[in-house]
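When a residue number appears, it is its place in the shown sequence, counting from 1.
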Amino acid sequence: QVQLVESGGGLVQAGDSLRLSCAASGRTFSSYSMGWFRQAPGKERERVAHISWKGDIIYYADSVKGRFTISRDNAKNTGYLQMNSLKPEDTAVYYCAARLRAVGGTGAYEADYWGQGTQVTVSS
């Protein structure tokens, strides 16, 4: 089983930056797509960013495009989410995930492997 551990969350002010890390175990991680989801209270889970195993295909939600950058270092078995110009509406629990797939008929995405989540809180 691939295991994922997030770190880097915290409490920041609007306009600040954070860098989330996702450390993975397992030799097959480098062959899997990986991504970041977030969920705020009372809101649906949102796919924030998504990167292919090779790093040549990248997706961003419109709400974060231009502010967030997803990357991965397969040699280190680590994924990253650089978050700049943070807004209060970015407040959520952020989850890293691996081996993402589309859910048939809905357009939503699931993943085979999930981290435990890290809280990001952005104050005004």
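Nearest heavy-atom pair across Leu18 and Leu86 is N-CD1, 3.9 Å. Across all non-hydrogen atoms, the minimal contact from Leu100 to Ala97 is CD1-O, 3.7 Å. When all heavy atoms of Phe68 and Tyr60 are compared, the closest pair comes out as O-CE2, 3.3 Å. Residues Leu4 and Cys96 approach most closely at CB-SG, 3.7 Å, considering heavy atoms. Heavy atoms only, all atoms of each residue included: Lys76 and Thr78 are closest at O-OG1, 2.9 Å. Considering all non-hydrogen atoms of both residues, Thr91 and Val122 come closest at OG1-N, 2.9 Å.
Between the side chain of Ser25 and the backbone N or O of Gln3, at least one donor-acceptor pair lies under 3.5 Å. At least one donor-acceptor pair closer than 3.5 Å links the side chain of Glu6 to the backbone N or O of Gln116. At distances below 3.5 Å, at least one donor-acceptor pair connects side-chain atoms of Arg67 with backbone N or O atoms of Ser85. Here the side chain of Asp90 pairs no donor or acceptor atom with the backbone of Thr121 at under 3.5 angstrom. Side-chain N or O atoms of Arg45 include one that pairs as donor or acceptor with a backbone N or O of Tyr109 at under 3.5 Å.
Rounding to the nearest 0.5 Å places CH2 of Trp36 at 13.5 Å from NE2 of His50. Summarising the geometry, atom CE belonging to Met34 is positioned 11.0 Å from atom CG belonging to Asn77; distances are rounded to the nearest 0.5 Å. For the atom pair CE (Met83) and CD1 (Ile70), the distance works out to 12.0 Å, reported to the nearest 0.5 Å. Rounding to the nearest 0.5 Å places CD of Gln82 at 8.5 Å from CG of Leu20. Of the inter-residue distances, the one linking Thr118 atom OG1 with Tyr94 atom OH reads 10.5 Å to the nearest 0.5 angstrom. Separating the CG atom in Asn84 from the OG1 atom in Thr69 is a distance of 6.5 Å, to the nearest 0.5 Å.
The distance between the ring centers of Phe37 and Trp114 falls below 6.0 angstrom.
The cationic atom of Arg19 (NZ for Lys, CZ for Arg) lies less than 6.0 Å from the six-membered ring centre of Tyr80 and within 45° of the ring axis. Note that Arg47 lies in the cation-pi zone of Tyr59, set by a 6.0 Å cut-off to the ring centre and a 45° limit from the axis.
Using a cutoff of 4.0 Å between basic side-chain nitrogens and carboxylate oxygens, Lys43 and Glu89 are not scored as salt-bridged. Using a 4.0 Å cut-off between a side-chain N of Lys or Arg and a carboxylate O of Asp or Glu, Asp62 and Lys65 qualify as a salt bridge.
Hydrophobic clustering (side-chain heavy atoms under 4.5 Å, transitive across Ile, Leu, Val, Met, Phe, Trp, Tyr) groups Ile58 together with Val48. Residues Val64 and Val120 share a single hydrophobic cluster, defined by chaining ILVMFWY side chains whose heavy atoms lie under 4.5 Å apart.
Val93 is listed as a side-chain neighbour of Gln119, based on a closest heavy-atom distance under 4.5 Å.
At a cut-off of 3.5 Å, with distance as the only test, a side-chain donor of Glu46 or Ser63 sits close to an acceptor on the other residue. Checked by atom type, the side-chain pair Arg99/Tyr113 shows no donor-acceptor distance below 3.5 Å.
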